[in-house]
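Remember, predicted model here, so these are calculated numbers, not experimental data. Throughout, numbering of the chain's residues begins at 1 and tracks the sequence.
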Amino acid sequence: MKKRTPAAFLLLYAHRFISLRIRTSLSLSILTLCLALTACTPATNSPQAMPPGIEPTEAAPRNAAKAETGTGSPLSLAGPPAPSTVQQVAPPSAPPTPAPAPAPTPAVVPPEESKIQKKPKSKSKQPVAKTSKETSGQSQRLTLSQLVRKYPELLLLRGSAASGQVALTFDDAPDTTFTPQVLDVLKKYQVRATFFLVGAQAEKHPEMVKRIVREGHVIGNHSYSHKLFTKLSDDLFQSQVLQTQQTLKRLIGYSPRLLRPPYGEISESQLLWASEHGYRIVNWNVDSLDWKQLGQEKVISNIITNVKPGSIILQHSGGGPGQDLNGTVQALPTVIQTLKSRNLKMVTLPELLQVSKQLD
């Protein structure tokens with residue numbers, strides 16, 4: 001054998017040491033790799049992965065179900081499954097439990113349709129019986145012509161044609177402008193007439209009221225402040241009448257029976273109340289329309305064209321502020337003369353209607 005030098009021995013030992021270290025490192029690397037691969041293998045049948053007291057055959061279906069549904073953990077830290085020589089028989093699977101049927105979703109009804117369903121429209125309305133108050137309210141709305149037809153003895157428009165008489169009547173007196181002029185004409189032609197006085201005006205001009213009576217004329221009630229009766233309650237209507245009665249009785253000594261509504265308008269209930277208390281409601285059938293401030297000729301025409309025996313003629317001897325009644329005053333002489341020429345006697349309303357001028 002060839003004799004080795006110390007340097008050769010040193011080199012040989014260094015080579016062996018390095019080779020051993022390389023094999024050791026390589027073995028450790030391989031072992032590490034194997035452990036890593038083992039850790040990645042799922043332990044489906046490993047006894048360590050099962051809860052205590054449960055055999056591998058019982059746990060298998062549950063783990064399999066988890067794997068299928070994906071509810072189990074994706075990775076298992078247990079080692080590979082241990083070999084088993086016992087043939088595993090899977091227990092008979094129970095029939096699948098049917099999933100509960102989903103509850104029906106309530107239908108969403110739009111707001112408009114919902115309203116229609118809640119409040120269906122009725123095809124026809126049932127007639128409703130009228131109450132006594134409604135019937136009474138309807139009766140109060142009768143027109144003047146309807147009232148005349150219904151109560152011809154209570155609401156008077158004319159007298160008897162057989163008498164050959166007519167009546168001159170003057171509303172809205174007294175005042176100090178036109179009433180004295182009308183009285184002067186009547187006195188001149190010796191004609192007596194009927195004056196329907198407004199209570200408030202009578203209180204302002206008491207001397208004119210007394211002159212009317214002194215010269216032989218008759219006075220009637222024309223409300224206290226010339227309010228439209230059909231716009232008043234029955235209580236206010238009665239107040240208008242009674243207050244005027246008190247004023248006139250104080251001035252002329254009696255309570256007039258004759259009552260003329262302003263504008264000729266009155267309700268059924270008011271008419272009945274007045275009649276029950278002894279009043280005679282008197283309107284007219286010949287209207288001079290002098291309240292429109294007509295001229296003399298037009299006033300004459302309106303009267304003479306329409307007058308007949310038994311007629312009640314409407315004129316005015318007082319008016320509102322600024323109202324011009326000169327046409328009435330100027331037409332009156334011609335009217336009187338024409339009526340006399342036709343043999344129509346001019347009388348007061350109590351004479352024409354055959355009633356008393358005052359209440360009992």
Side-chain angles (χ1 to χ4, degrees), residues 144 154-159 166-183 186 191-206 208-213 215-230 232 237 240-252 254-266 270-271 274-275 277-291 303 311-320 323 325 328-329 332 346-353 355-359:
L144 187 62
L154 303 184
L155 183 54
L156 305 177
L157 303 181
R158 64 181 65 85
V166 296
L168 297 179
T169 64
F170 297 89
D171 284 7
D172 299 349
D175 69 4
T176 56
T177 303
F178 299 107
T179 301
Q181 297 181 63
V182 169
L183 289 173
L186 294 175
V191 173
R192 292 188 301 168
T194 304
F195 288 80
F196 285 96
L197 305 188
V198 176
Q201 290 295 105
E203 291 178 351
K204 291 180 181 179
H205 310 292
M208 193 59 60
V209 175
K210 294 177 180 179
R211 178 187 170 183
I212 293 172
V213 174
E215 294 182 1
H217 307 291
V218 173
I219 288 179
N221 187 324
H222 196 45
S223 83
Y224 185 80
S225 56
H226 208 271
K227 297 289 185 181
L228 181 61
F229 283 169
T230 53
L232 301 179
F237 153 74
Q240 285 276 322
V241 173
L242 296 177
Q243 189 173 0
T244 303
Q245 290 291 90
Q246 293 175 0
T247 298
L248 294 179
K249 185 175 183 178
R250 186 177 67 252
L251 294 174
I252 64 178
Y254 67 88
S255 297
R257 179 182 296 275
L258 303 179
L259 172 64
R260 174 172 287 175
Y263 314 101
E265 296 290 337
I266 193 170
Q270 294 166 355
L271 174 63
S275 298
H277 287 77
Y279 297 95
R280 300 305 302 268
I281 314 302
V282 184
N283 276 349
W284 59 89
N285 66 338
V286 176
D287 190 350
S288 68
L289 299 177
D290 59 348
W291 55 270
I303 296 174
S311 291
I312 299 175
I313 303 167
L314 171 64
Q315 300 172 88
H316 291 79
S317 64
Q323 189 173 18
L325 295 175
T328 299
V329 176
L332 188 54
M346 287 160 279
V347 297
T348 64
L349 281 175
E351 294 177 83
L352 178 65
L353 302 176
V355 297
S356 171
K357 68 178 181 180
Q358 65 187 50
L359 292 174

Expected output: side-chain E265 to main-chain P261 donor-acceptor under 3.5 Å: no
Exam field: side chain T179 to backbone S317, donor-acceptor pair closer than 3.5 Å: yes
Distance-only polar pair, side chains of E203 and Y224, donor-acceptor under 3.5 Å: yes
Test item: Q245 side-chain N/O and P256 main-chain N/O as donor-acceptor pair under 3.5 Å: yes
Plane angle bin for F170 and F195 - parallel if under 30°, tilted between 30 and 60°, otherwise perpendicular: parallel
Contact check, side chains of Y279 and V241, non-hydrogen atoms, under 4.5 Å: yes
Backbone of L314 reached by a side-chain donor or acceptor of S288 within 3.5 Å: yes
Contact check, side chains of N221 and L197, non-hydrogen atoms, under 4.5 Å: no
Backbone of A193 reached by a side-chain donor or acceptor of H217 within 3.5 Å: yes
Side-chain heavy atoms of V218 within contact of L349, under 4.5 Å: no
For the student: nearest non-hydrogen atoms of L168 and L186, plus distance: CD1-CD2, 4.3 Å
Pair W284-L157, side-chain contact (heavy atoms from CB on, under 4.5 Å): steps then yes or no: CA-CA 5 Å; W284 59 89; L157 303 181; over 6 Å; no
Check: M208 and L183 side chains under 4.5 Å, non-hydrogen atoms: yes
Audit row: K249, I252, side-chain contact (heavy atoms from CB on, under 4.5 Å) steps and yes/no: CA-CA 5 Å; K249 185 175 183 178; I252 64 178; 5.9 Å; no
For R158, all residues meeting salt bridge (Lys or Arg N to Asp or Glu O under 4.0 Å), sequence neighbours excluded: none
side-chain contact (heavy atoms from CB on, under 4.5 Å) between R257 and Q358, intermediate numbers included: CA-CA 5 Å; R257 179 182 296 275; Q358 65 187 50; 5.6 Å; no
Heavy-atom side-chain contact between T328 and L332 under 4.5 Å: no
Backbone N/O of I313 and side chain of S311: donor-acceptor pair under 3.5 Å: no
Heavy-atom donor-acceptor pair, N283 side chain to G264 backbone, under 3.5 Å: yes
Contacts of D172 that satisfy salt bridge (Lys or Arg N to Asp or Glu O under 4.0 Å) - sequence neighbours left out: none
Nearest non-hydrogen partners of Q181 and T177, listed with the distance: NE2-O, 2.8 Å
Salt bridge (Lys or Arg N to Asp or Glu O under 4.0 Å) involving R211 - partner list, sequence neighbours excluded: D184, E215
Closest contact, heavy atoms only, I281 versus A274: CD1-CB, 3.6 Å
Under 3.5 Å donor-acceptor, Q270 side chain and F237 backbone: no
Side-chain heavy atoms of H222 within contact of L259, under 4.5 Å: no
Exercise: do S225 and Q240 side chains pair donor with acceptor under 3.5 Å: yes
Closest non-hydrogen atom pair between L248 and A202, with its separation: CD2-CB, 4.1 Å
Where H205 and D175 come nearest, the two heavy atoms and their spacing: CD2-CA, 4.0 Å
Polar side chain donor-acceptor pair, T169 to R260, under 3.5 angstrom: yes
Donor + acceptor pair across side chains of D290, H316 (<3.5 Å): yes
Trace of the side-chain contact (heavy atoms from CB on, under 4.5 Å) decision for V213 with I219: CA-CA 7 Å; V213 174; I219 288 179; 3.4 Å; yes
Minimum side-chain heavy-atom gap V166-I312 below 4.5 Å: no
T244 (side chain) donor-acceptor with S223 (main chain) under 3.5 angstrom: yes
Axial cation check for Y254 ring with K357, 6.0 Å and 45° limits: yes
Check: F196 and L258 side chains under 4.5 Å, non-hydrogen atoms: yes
Heavy-atom pair of closest approach, residues G216 and R192: O-CD, 3.2 Å
